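Structure first, then comments.
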Amino acid sequence: ITYVFMQTRMRDDYLATQMVTVADQARIYSERVGNNQGDAQAITTSMANISGGDIYFLLGADGKYIAHSDATKTGALSTGDFSATTLHSIEATNSFKIIDEAHGILIASYKQTPTSPTAVSISSINKRLAGFREIRNYLLVQIISGLLLLAIVAVGVTAWVVAEPVRRLS
């Protein structure tokens, strides 16, 4: 029970840290686009390539994609890709972040000014938890190895304690 509790707590903390990273990526993306107005699609593609497959897009006030890491979506409406609640939250604030466990994604957005387009970064929870799983598995192997060694020592000590009186009798 303690292991499950600790694992859940560590996973949540690790995921919260990764959410901060995704939010920082959205802010950096917004600033890069703001500094290079004409290159929005190129910057979007570059950000997606650098991050190893995260999704980036600029969302206009009309709900259309100004730039998207999937270039075929540029100019299309975003309403089919998100729930109305999520889309409203992204558009309504200058900075937004959510861990969407139901869809397995982290979503963060950033808007430099109320009139600028919204820069959004989306990352897979599974991708972000890969490092956590490696650490967890390493620790689990270490714990099991330690318990196995402890069991071997306990069996050896028990055998010696039980065998000692038998040796004295013979």
Side-chain angles (χ1 to χ4, degrees), residues 1-140:
I1 294 173
T2 302
Y3 172 74
V4 172
F5 172 75
M6 290 299 293
Q7 180 180 348
T8 302
R9 177 62 192 260
M10 287 173 50
R11 177 192 180 276
D12 291 347
D13 290 347
Y14 189 84
L15 205 52
T17 302
Q18 292 300 309
M19 184 71 249
V20 170
T21 302
V22 173
D24 287 344
Q25 288 173 332
R27 184 185 49 77
I28 290 166
Y29 173 47
S30 176
E31 290 173 3
R32 282 189 67 193
V33 169
N35 292 334
N36 301 296
Q37 290 284 328
D39 296 337
Q41 186 59 50
I43 291 169
T44 303
T45 303
S46 171
M47 290 289 291
N49 290 338
I50 290 170
S51 69
D54 288 347
I55 298 170
Y56 292 87
F57 59 85
L58 282 179
L59 194 60
D62 58 357
K64 289 185 178 179
Y65 294 118
I66 297 170
H68 198 290
S69 51
D70 176 359
T72 61
K73 291 189 174 191
T74 301
L77 283 172
S78 59
T79 53
D81 294 335
F82 300 98
S83 70
T85 306
T86 301
L87 197 54
H88 176 71
S89 297
I90 289 171
E91 293 172 340
T93 61
N94 285 350
S95 179
F96 170 76
K97 57 186 176 184
I98 185 171
I99 299 173
D100 186 349
E101 295 271 1
H103 295 100
I105 56 176
L106 306 173
I107 304 172
S109 68
Y110 184 80
K111 191 185 307 186
Q112 287 184 332
T113 67
T115 59
S116 63
T118 305
V120 181
S121 174
I122 299 175
S123 188
S124 163
I125 288 176
N126 284 334
K127 175 187 166 193
R128 294 292 173 161
L129 286 177
F132 169 75
R133 288 186 190 108
E134 288 177 20
I135 293 168
R136 181 200 62 201
N137 292 345
Y138 174 77
L139 291 174
L140 194 56

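Note that the structure is a prediction, hence the values are computed from the model and not measured.
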How close do [X] and [Y] get, heavy atom to heavy atom, and via which atoms?
{"X": "Leu77", "Y": "Asp62", "value": "CD2-O, 3.8 Å"}
{"X": "Gln112", "Y": "Gly34", "value": "OE1-CA, 3.9 Å"}
{"X": "Ala108", "Y": "Met19", "value": "CB-CE, 3.7 Å"}
{"X": "Ile125", "Y": "Ile99", "value": "CD1-CG2, 4.0 Å"}

### Task
Give a yes-or-no answer on whether the side chains of Asp70 and Thr72 include a donor-acceptor pair shorter than 3.5 Å.
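The criterion, which ignores hydrogens and geometry beyond distance, is satisfied for Thr72 and Asp70.
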### Message
What I want to check is whether the side chains of Thr74 and Gln41 have a donor and an acceptor closer together than 3.5 Å.
### Response
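Judged by distance alone, the side chains do pair up.
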Gap separating the [atom1] atom of [X] from the [atom2] atom of [Y], nearest 0.5 angstrom:
{"X": "Lys111", "Y": "Ile90", "atom1": "NZ", "atom2": "CD1", "result": "10.5 Å"}
{"X": "Ile28", "Y": "Met47", "atom1": "CD1", "atom2": "CE", "result": "6.0 Å"}
{"X": "Ile98", "Y": "Ile105", "atom1": "CD1", "atom2": "CD1", "result": "9.0 Å"}
{"X": "Ser123", "Y": "Gln25", "atom1": "OG", "atom2": "CD", "result": "6.5 Å"}
{"X": "Ile107", "Y": "Ile122", "atom1": "CD1", "atom2": "CD1", "result": "5.0 Å"}
{"X": "Leu58", "Y": "Thr118", "atom1": "CG", "atom2": "OG1", "result": "8.5 Å"}

Tell me whether [X] contacts the main-chain N or O of [Y] through its side chain, where contact means a donor paired with an acceptor under 3.5 Å.
{"X": "Ser109", "Y": "Ser95", "answer": "no"}
{"X": "Asp100", "Y": "His103", "answer": "yes"}
{"X": "Ser30", "Y": "Ala26", "answer": "no"}

So [Y] and [X], do their side chains get closer than 4.5 Å, heavy atoms only?
{"X": "Val22", "Y": "Lys97", "answer": "no"}
{"X": "Leu106", "Y": "Leu15", "answer": "yes"}
{"X": "Lys73", "Y": "Ser78", "answer": "no"}

### Query
Who passes salt bridge (Lys or Arg N to Asp or Glu O under 4.0 Å) against Asp13, sequence neighbours left out?
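Scan of Asp13 (salt bridge (Lys or Arg N to Asp or Glu O under 4.0 Å), adjacent residues dropped) gives Arg9.
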### Task
In plain terms, say whether Asp54 and Lys127 are close enough for a salt bridge, that is, a side-chain N and a carboxylate O under 4.0 Å apart.
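Judged by the 4.0 Å cut-off on N to carboxylate O distance, Asp54 and Lys127 do form a salt bridge.
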### Verdict with supporting geometry, Ser121 and Ile55, side chain to side chain contact (heavy atoms under 4.5 Å, CB included)
CA-CA 6 Å; Ser121 174; Ile55 298 170; over 6 Å; no
### Task
Would you check, one step at a time, whether the test side chain to side chain contact (heavy atoms under 4.5 Å, CB included) holds for Ile66 with Thr44?
CA-CA 10 Å; Ile66 297 170; Thr44 303; over 6 Å; no
#### Entry: Lys64 atom NZ, over 12 foreign heavy atoms within 6.0 Å
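For Lys64, atom NZ is not crowded (no more than 12 foreign heavy atoms under 6.0 Å).
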### Query
Which residues satisfy the side chain to side chain donor-acceptor pair (under 3.5 Å) test with Ser116, sequence neighbours excluded?
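For Ser116, the residues satisfying side chain to side chain donor-acceptor pair (under 3.5 Å) (neighbours in sequence not counted) are Thr113.
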### Sequence neighbours excluded, every pair satisfying ring pair (Phe, Tyr, Trp, His ring centres under 6.0 Å) that has a member inside residues 43-63
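Residue pairs passing ring pair (Phe, Tyr, Trp, His ring centres under 6.0 Å), neighbours aside: Tyr29-Tyr56, Phe57-Tyr65, Phe57-His68, Phe57-Phe82.
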